[in-house]
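The structure under discussion appears below in the form of structure tokens.
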Amino acid sequence: MIVERLDREPNPVELGMFGALWSEHCGYKHSRPLLRFFPTQSGAENAGAVDIGDGLAVVFKVESHNHPSAVEPLQGAATGVGGIVRDILAMGARPIALLDSPHNRHLFRRVVEGISWYGNCIGVPDVAGEIYFDESYSHNPLVNAMCVGLVATDKLASAAAGRVGSVLLLVGAETGRDGIHGASGLASRTFEEEQELRPTVQVGNPFLEKVLIESCLEALETGCVSGLQDLGAAGLTSAAIESAYRGGRGLILDISQVHRREPGMSGYEVMLSESQERMLLVTAPEHVERVQQVFRKWDVPCREIGQVIQEPRAHVLEGDRPVAQLPIKHLTEAPRYRLNGQQSLEQRDRQRLVLDEIPLRSVYRRYDHQVQTNTVAGPGSDAAVLRIKGTGKAIALSIDGNGRFCYLDPYRGGQIVVAEVCRNLSSTGAEPLALTDCLNFGNPERPEIYYQLEWSIRGMARACRVLGVPVVSGNVSLYNESQGQAIYPTPVVGGLGLLEDVTRHAKSSFPEEGLDVYLVGQRNLRPRASDLAGSEFLQAIHGLVAGRPAINLALERRVQALCRKAIAQGIVASAHDCSDGGLAVALAECTFAEGIGFRGVGSLSRLMARWDCSLFGERQSRIVVSLCPESVSGIAANGNGTGRSFAGAWQDGRLPVPPGIIRGPGSLRNCRCLERCAGTGARGLRKQPGETNPTTLLEFRGDHVVAPLSFENAA
């Protein structure tokens with residue numbers, strides 16, 4: 001195909017440039033035809049930008065660094081953070097927050113070490129995230145990082161190199177041999193054989209990244225920079241070609257001017273190196289000296305390496321010697337493949353789940369919980385809340401993904417992940433504004449994997465339209481499998497919400513004694529097989545990943561609107577979305593932060609027929625709220641058919657459960673019981689005869705509760 005387009009054989013450097021830009025990671029060959037299903041999927045710039053008023057825009061994006069993290073967890077995760085931060089910087093925004101979503105137990109500590117090391121050194125707080133462990137991620141960990149930035153709307157930067165005669169400046173770290181075919185190569189292949197791949201992983205320097213951020217922002221303030229582009233996957237090749245393509249121009253590069261870390265580097269190595277902490281700037285010839293002064297001040301290398309030309313071709317030279325000459329159009333128009341996905345018989349079989357075939361067992365849980373840190377909202381909230389200085393507003397941020405639901409039903413699972421992220425935002429009182437996604441899947445050339453990819457996207461797009469939120473940026477990570485075993489199909493979604501009044505927000509934890517607790521979104525307690533489908537409880541206790549999850553998007557929309565309205569009116573004192581783990585876990589989480597317990601009222605007899613569904617089922621579109629008794633009429637008046645189940649009242653820092661826990665289900669973050677809260681190795685166990693533990697959460701024997709729920713030690 002390349003020979004046909006060029007009408008000649010490409011030389012090795014040209015072939016390497018095609019290989020990088022046509023890779024799955026850079027070219028989106030299998031996913032681009034499907035991304036059109038999303039409402040307003042952007043992709044024109046490095047990240048999405050959302051106007052929040054007051055002359056400000058929030059810039060945000062989530063990206064994967066899965067394959068590099070599998071090879072070298074610390075540097076793979078660290079440079080994933082560095083790369084997403086530079087994507088935000090390329091929009092002219094100051095990075096203000098990070099969120100992350102690691103999925104792997106074995107590599108967890110090194111991944112967290114890499115994320116925290118890089119983020120702490122550059123001074124950008126990690127405000128929220130999720131942790132998820134499952135065997136499907138054992139050989140292919142998922143490490144998704146999201147960055148959020150803030151910029152004045154009139155100072156948004158572009159990556160386009162549009163003005164003919166403009167000068168290209170390469171700033172930041174020296175170019176070395178590390179990371180060649182790192183993100184672009186590793187992320188476009190499966191791990192089928194044991195071989196040394198460590199040299200393909202980039203090496204990060206967060207201290208240089210910090211001064212690179214400050215120097216680039218100062219250079220933008222001069223008004224002399226017309227274009228700014230990160231050097232990420234495929235390095236200089238991708239950065240230069242994409243900038244020229246966006247501006248509808250061509251370029252001349254002289255790679256002899258590229259500052260290098262190692263002697264004797266070939267043109268191939270210089271063009272495809274993925275050395276970190278580098279940016280490409282576009283400026284007019286008369287402004288070159290002014291821009292270089294800024295970088296000299298910060299002691300950051302800044303070299304003139306090329307210029308923008310009218311002809312839409314890339315001319316790469318090393319001094320006077322031609323290295324590559326290629327049409328921009330051919331490089332940027334990777335082939336696209338629209339395949340026919342097919343649901344496998346195995347996929348159909350695992351959707352079967354009959355409640356009568358699931359026995360009720362004596363269960364014992366040990367909960368090791370690490371509360372996540374937020375800003376305004378405090379620890380343990382469904383979403384981080386960050387104050388926007390100089391205004392009375394705040395933004396809410398959340399990231400989520402549940403691979404089991406998409407594994408069981410890609411279409412419904414895609415709907416659920418979008419709904420949960422928006423529900424997390426709504427539970428703080430924030431109006432969901434926009435989403436960013438990272439689509440993590442296996443080998444799309446396999447029909448059953450392409451089926452998962454397509455229908456997950458269709459489901460996500462459907463939920464976006466019903467809930468009224470666009471997707472403004474994103475990333476696709478395919479070929480996440482090893483030796484024929486794919487990960488669960490895992491779309492990870494990051495959400496941005498807006499609070500017009502920062503004082504009108506809700507936390508997840510119960511704030512004081514004596515309040516009433518309601519479960520919003522459910523009218524009855526009749527058990528359904530779909531409640532347990534894909535649940536933490538079903539996997540942890542029965543070792544099953546089965547069933548077919550369900551969601552009613554119309555109800556979801558009403559529940560979220562009610563929650564936001566009740567918070568804005570001061571009716572609701574706290575709100576916590578019901579998701580992973582079920583009602584028992586959701587209520588437990590509501591007690592951790594403030595040390596205020598919960599006492600349920602009512603009769604257990606309505607629950608005991610299927611207490612597993614009632615307490616640990618993960619029915620969607622539910623939020624646990626607390627409010628003063630006199631405010632009950634207010635939430636009832638606003639209910640509009642959402643359904644409200646009375647849960648109880650809490651007191652004295654304990655969770656005793658006399659016969660009569662709750663008249664309605666809810667949810668939690670981890671019924672697995674806490675393997676994915678902090679990676680501490682907590683396990684869910686069946687209780688053995690005579691065995692006791694101070695961190696017991698619930699023990700059921702037959703059809704009644706025989707142990708109290710005490711979270712004094714569990715928290």
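Quick caveat: nothing in here was measured; it's all calculated off a predicted structure.
Atom CZ in F405 sits 12.0 Å away from atom CZ in R412 (nearest 0.5 Å). Separation of atoms CD (E277) and CG (L208) is listed at 5.5 Å; rounding is to 0.5 Å. Going from atom OG1 of T428 over to atom CG of L499 covers 5.0 Å, rounded to the nearest 0.5 Å. Between atom CZ of residue R558 and atom OG of residue S621 there is a gap of 9.0 Å, rounded to the nearest 0.5 Å. For the atom pair CG of D230 and SG of C216, the computed distance is 10.0 Å after rounding to the nearest 0.5 Å. The distance from the CG atom of N66 to the OG1 atom of T490 is 9.0 Å, given to the nearest 0.5 Å.
For the pair L496/P432, no side-chain contact is recorded, criterion being any heavy-atom separation below 4.5 Å from C-beta on. Using a 4.5 Å heavy-atom threshold, the side chains of I395 and I96 count as touching. When side chains are defined from C-beta on, F510 counts as touching L587, because their heavy atoms get closer than 4.5 Å. A heavy-atom distance below 4.5 Å is found between the side chains of S158 and E45. In this structure, the side chains of L498 and E500 come closer than 4.5 Å at one or more pairs of heavy atoms. Residues L89 and L217 meet the side-chain proximity criterion, which asks for heavy atoms closer than 4.5 Å. Contact check for V151 versus I88: no side-chain heavy atoms found under the 4.5 Å cut-off. No side-chain heavy atom of I399 sits under 4.5 Å from any side-chain heavy atom of V493.
Few gaps surround CZ on R465; more than 12 heavy atoms of other groups in view lie less than 6.0 Å from it.
Among residues two or more places apart in sequence or in another chain, the ring pair (Phe, Tyr, Trp, His ring centres under 6.0 Å) test is passed with Y118 by none. For N120, the side-chain hydrogen bond (donor to acceptor under 3.5 Å, both in side chains) criterion is met by no residue, not counting sequence neighbours. A search for side-chain hydrogen bond (donor to acceptor under 3.5 Å, both in side chains) contacts involving D87 returns nothing, not counting sequence neighbours.
Judged purely by atom type and a 3.5 angstrom limit, S426 has no side-chain atom pairing as donor or acceptor with the backbone of N424. Between the side chain of H65 and the backbone N or O of G80 there is at least one donor-acceptor pair closer than 3.5 Å. In this structure a side-chain-to-backbone donor-acceptor pair under 3.5 Å is present from E618 to G581. Here the side chain of N440 pairs no donor or acceptor atom with the backbone of P491 at under 3.5 angstrom. Here the side chain of N475 pairs a donor or acceptor atom with the backbone of S64 at under 3.5 angstrom. No donor-acceptor pair under 3.5 Å is formed between the side chain of S473 and the backbone N or O of T436. Counting only distance, with no hydrogens or angles, the side chain of R462 and the backbone of G414 share no donor-acceptor pair below 3.5 Å. In terms of modelled atom types and a separation under 3.5 Å, the side chain of N552 and the main chain of L555 share a donor-acceptor contact. Remark: side-chain polar atoms of E63 are not paired, donor with acceptor, to backbone N or O of V81 under 3.5 angstrom. The closest donor-acceptor contact from the side chain of S508 to the backbone of H576 lies at 3.5 Å or more, if one exists at all.
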Please walk me through it: do V492 and D437 pass side-chain contact (heavy atoms from CB on, under 4.5 Å)? CA-CA 6 Å; V492 171; D437 60 49; over 6 Å; no

Evaluate side-chain contact (heavy atoms from CB on, under 4.5 Å) for I115 paired with D126, printing each intermediate quantity in order. CA-CA 9 Å; I115 293 171; D126 197 318; 3.5 Å; yes

Please determine whether side-chain hydrogen bond (donor to acceptor under 3.5 Å, both in side chains) holds for the pair R504 and Q569, giving the CA-CA distance in whole Å, both sets of side-chain angles, and the decisive distance to 0.1 Å. CA-CA 8 Å; R504 290 287 188 176; Q569 293 179 357; over 6 Å; no

Show the numbers, then the answer: is there a side-chain contact (heavy atoms from CB on, under 4.5 Å) between T391 and D54? CA-CA 8 Å; T391 76; D54 294 314; 3.7 Å; yes

Under the side-chain contact (heavy atoms from CB on, under 4.5 Å) criterion, do C422 and Q560 qualify, and how do the steps go? CA-CA 8 Å; C422 292; Q560 293 189 28; 3.4 Å; yes

Step-by-step salt bridge (charged side-chain N to carboxylate O under 4.0 Å, His left out) determination, E431 to K565: CA-CA 10 Å; E431 177 83 29; K565 186 174 182 180; over 6 Å; no

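Between E420 and R423 there is no salt bridge, since none of the side-chain N atoms of the basic residue sits less than 4.0 Å from a carboxylate O of the acidic one. Checked for salt-bridge contact, R622 and D577 miss the test: no charged N lies under 4.0 Å from a carboxylate O. We find that E214 and K210 are joined by a salt bridge, their nearest charged nitrogen and carboxylate oxygen being less than 4.0 Å apart.
For Y518 and S626, the side-chain atoms include no donor-acceptor pair closer than 3.5 Å. A donor atom on one side chain and an acceptor atom on the other are found under 3.5 Å apart for S101 and E130.
A pairwise comparison of heavy atoms in V502 and A394 identifies CG2-CB, 3.5 Å as the closest pair. When every heavy atom of W117 is checked against every heavy atom of G204, the shortest pair comes out as CH2-O, 3.6 Å.
In this pair, F616 and F537 present their aromatic rings parallel. The plane angle is below 30°, not in the 30 to 60° band.
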